[in-house]
Amino acid sequence: MARTNIPVPDTNVVKLKYMDTEPGRAAKGAKTLMQGWEYTASEPLLDGPVSRRVAVIDFDPDTGAVVPGAVFVPPKGRTQGRYDVKDELNSDAVDFMQVSVFSVVMKMMSIFEAPDVLGRKLRWAFDGEQLLVVPRAGKMPNAFYHRDSRSLQFFFVDDPNRPGGLVYTCLSPDIVAHETTHAILDGIAPDLYNATSPQALAMHEAIADLGAVMLAVRTDRLLRQVMLDTGGDIRNAEAFNEIARQFGEAIYGAQRPLRDLSNKASISAPGGLDLNEPHDLSNVLSAALYALLLAEYEQIRQKDFEEKLAKEEVKREADNLDALTKQEMDKLRFSVSGFALFKATEKFKRIAFRALDYLPPGEISFADYGRAMVAADVYSNPDDPEPREFIKAEFLRRGMVDDPSTLEPVDPDITLPTDLDLEQLAWSDWAAYRFAETWRGKLLIPAGIAFEVRPRLDVTRKTWRRQGEPVLTRTLLYKVAWQSSQQFQIGDFVNEVAVTRGTTLAIDWATRKVRTLLSTSSDHPSQSDRSTSHNNAMRDAFLAANIAEGAFEFSSPNVQIQNGMLRVRAIGQMLHMMEH
C-alpha cells in the first residue's frame with residue numbers, strides 16, 4: 001500500500017549550510033563541519049551561490065580569474081533544494097567556502113528581518129538590491145564591508161599552526177556575521193558611515209560583534225556543545241564571548257581572539273584601551289550589551305528552573321518519593337538552560353537591534369544608542385522595566401553616561417491631528433517635507449537651516465510580552481536630518497568640522513500619537529548630559545590623532561575642506577582598508 005501521510009516539503013524551502021565553528025575547533029569525529037538552516041526562497045537561486053540580494057563572486061587568488069560558483073541543486077521529489085558541497089569536512093575547498101559564506105550572510109539578514117526585530121525587508125545603503133561577496137579577495141590580515149563597491153571582502157593569511165595552510169576569514173562565522181552586520185547597519189543608519197566621532201564608529205563595531213554573538217547562539221550544534229562544556233554557565237563561554245579566535249591568534253599570537261566581550265572596559269577607566277581607536281572603544285558598548293544578555297539568561301533560567309522544580313516537588317510528594325538530591329537539582333537546572341538561552345537571546349535581539357531603527361539620523365554617541373534602546377523597549381514592553389534598568393546602570397558603570405536618567409524618554413510634546421493621513425506621510429515626499437515645515441520647531445530643526453527628510457519606515461512588529469499572545473504594533477518612523485558644525489582648529493585653514501544631526505519620531509499608527517522623539521540636537525534635553533560634551537571632545541582628539549598620523553589625504557574625494565570647514569566621508573572604510 002502506498003504511504004500517503006508523508007508531508008510533501010515546500011519547494012521554496014532551501015537548506016543552506018555554513019561552517020558552524022572555526023576550522024580546527026570542530027568536535028572530534030564530526031561527520032560534517034556545516035550547520036544547516038532552512039531558508040524560504042521567494043526568488044530563484046542560481047549557481048554561485050546567487051540570490052536576488054546576495055551574490056558570491058569568487059576569484060582565483062593567484063590568477064585573478066573568476067572561479068565557477070557552487071552548483072544549486074533544485075528540489076526534487078521530497079528533497080529540499082540545496083547547494084552542492086562535495087566534501088563537508090574539507091573547509092579549504094572552494095565550494096565549501098562559497099556556500100558557507102553565502103549562507104551566513106543570508107542567515108544574518110533573516111535575523112534582522114524577523115517579525116519581532118525590524119519586521120521589514122532590509123535596505124542597503126547603496127543603489128541596487130544586490131550585495132556582492134568576495135570570499136578570497138587576497139592575502140592580507142583583513143575583512144571589510146565596502147559601500148562604494150557594494151561588497152563584503154574577505155581575505156586570508158598564513159596559518160601559524162598549520163605549515164603551508166591558510167586562515168580564511170570567510171570561514172570564520174564570527175567574521176562573516178560581523179561584516180554582514182556592518183552592511184546591514186549601514187542600510188539602517190547610513191550617516192554612521194561618514195561619522196567623525198569614535199563613539200559613532202565604535203558603535204558600528206559593537207553592533208557587528210553582537211551580530212556574531214547572535215549567529216553563534218543560533219547555531220544549534222555549537223550551542224549544544226557549549227552547554228555541555230559549561231554545564232549551562234555561559235559567563236565565560238568562549239564560543240559566545242570571544243570574537244574570531246583563530247584569526248586573532250594568527251595575527252596576535254596564541255590564546256588571543258580579536259575581541260573578548262566578557263570584559264570590564266569603561267570610558268572613565270580605559271586601562272589599556274585606546275579610546276581613539278574604534279575597535280578598542282567598541283569593547284565598552286559590546287561588553288555592556290553582552291552583560292545584558294547574560295543577565296537576561298540567568299534571570300530566565302532561574303525562573304524556568306524554579307517552575308520546573310516546583311512541579312517536580314509536587315509530583316515527588318504525590319508519589320511519596322525522597323526530595324531531590326543536589327546532583328538531581330543540578331541536572332534539572334541544566335535541563336532548562338538551552339531553552340532559557342533561546343528565550344534570552346530572542347528578547348535581547350529585540351532590545352538591541354530593534355532600537356537601530358529608532359536612532360536619530362546623523363552621528364550618535366553611545367548614550368544616544370542607549371536612549372534608542374530604552375525608548376523602543378518602553379513602547380514595546382511597557383510593563384517589563386528590568387532590562388531598561390540594567391541598561392541604565394550598565395551605561396553609568398561603564399562611563400557612557402553621567403546621569404542615567406538622561407536615557408529615559410522625553411515627552412515629545414507633539415499632539416498630531418487625529419485626521420493626519422499617515423499613509424500619505426509615509427509614501428509622499430511632498431507630504432513629508434510639508435510635515436517637517438509645519439512641525440519644524442518641535443522637530444528641533446534650526447531656523448534658516450536646510451534639512452532632509454529621510455525615507456519613512458512603516459513597520460509592523462511582533463512583541464512577546466510576559467503574559468498572553470504576542471502583540472502586533474504598527475509604527476511610522478519619521479526622520480529628518482540637517483548639517484551642523486563643531487569647532488575644530490587645524491592651523492589657519494580649518495576651524496570647524498561638519499557634523500550631521502537629526503530627529504526621529506515614532507508615531508503609533510492606531511492612535512496617531514507620537515510615542516517617541518529622539519534627537520541629537522543640542523536643544524533636546526537628553527543632550528544636557530556630560531556624555532555629549534565628552535563625545536564632542538573625543539571627536540576632536542580622534543580627528544587630530546588621525547590627521548597627525550597622516551591617515552587623511554586632504555583634497556581626496558573623502559576628505560574635503562570648504563570655506564574653513566572639514567568634511568570627511570567614509571572614515572570607517574578608510575581605516576579598515578588601511579588596516580588601522
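Numbering starts at 1 and runs along the sequence shown.
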> Parallel, tilted or perpendicular: which describes the rings of Phe156 and Tyr168, with under 30° parallel and over 60° perpendicular?
Replying inline: tilted
> Should the ring pair Tyr379 and Tyr358 be called parallel, tilted or perpendicular, given that the plane angle runs from 0 to 90° and is split at 30 and 60?
Replying inline: perpendicular
> Does any non-hydrogen side-chain atom of Leu45 lie less than 4.5 Å from one of Val14?
Replying inline: yes
> Which of these, Thr520, Thr500, Thr196, sits in a side-chain hydrogen bond (donor to acceptor under 3.5 Å, both in side chains) with Glu363?
Replying inline: Thr196
> Do Arg245 and Glu242 pass the salt bridge (charged side-chain N to carboxylate O under 4.0 Å, His left out) test, and can you show the C-alpha distance, the side-chain angles, and the key distance before you say yes or no?
Replying inline: CA-CA 7 Å; Arg245 172 178 276 270; Glu242 290 188 348; 2.7 Å; yes
> Going by heavy atoms in the side chains, are Pro278 and Met203 under 4.5 Å from each other?
Replying inline: no
> For the rings on Phe353 and Phe112, is their centre-to-centre separation under 6.0 Å?
Replying inline: yes
> Around Arg474, counting heavy atoms of other residues, nucleotides and ligands shown, do more than 12 lie under 6.0 Å from its CZ?
Replying inline: yes
> Taking Asn194 for the side chain and Arg569 for the main chain, is one N or O donor matched with an acceptor at less than 3.5 Å?
Replying inline: no
>> Checking His279 against Glu205 for the side-chain hydrogen bond (donor to acceptor under 3.5 Å, both in side chains) test, could you report, in this order, the C-alpha distance in whole Å, the side-chain angles of both residues, the deciding distance, and whether it holds?
In response: CA-CA 6 Å; His279 289 88; Glu205 299 301 331; 3.3 Å; yes
> How many angstroms lie between atom CD of Glu277 and atom CG of Asn283, to the nearest 0.5 angstrom?
Replying inline: 9.5 Å
> With under 30° as parallel and over 60° as perpendicular, where do the rings of Phe144 and Phe155 fit, or are they tilted in between?
Replying inline: tilted
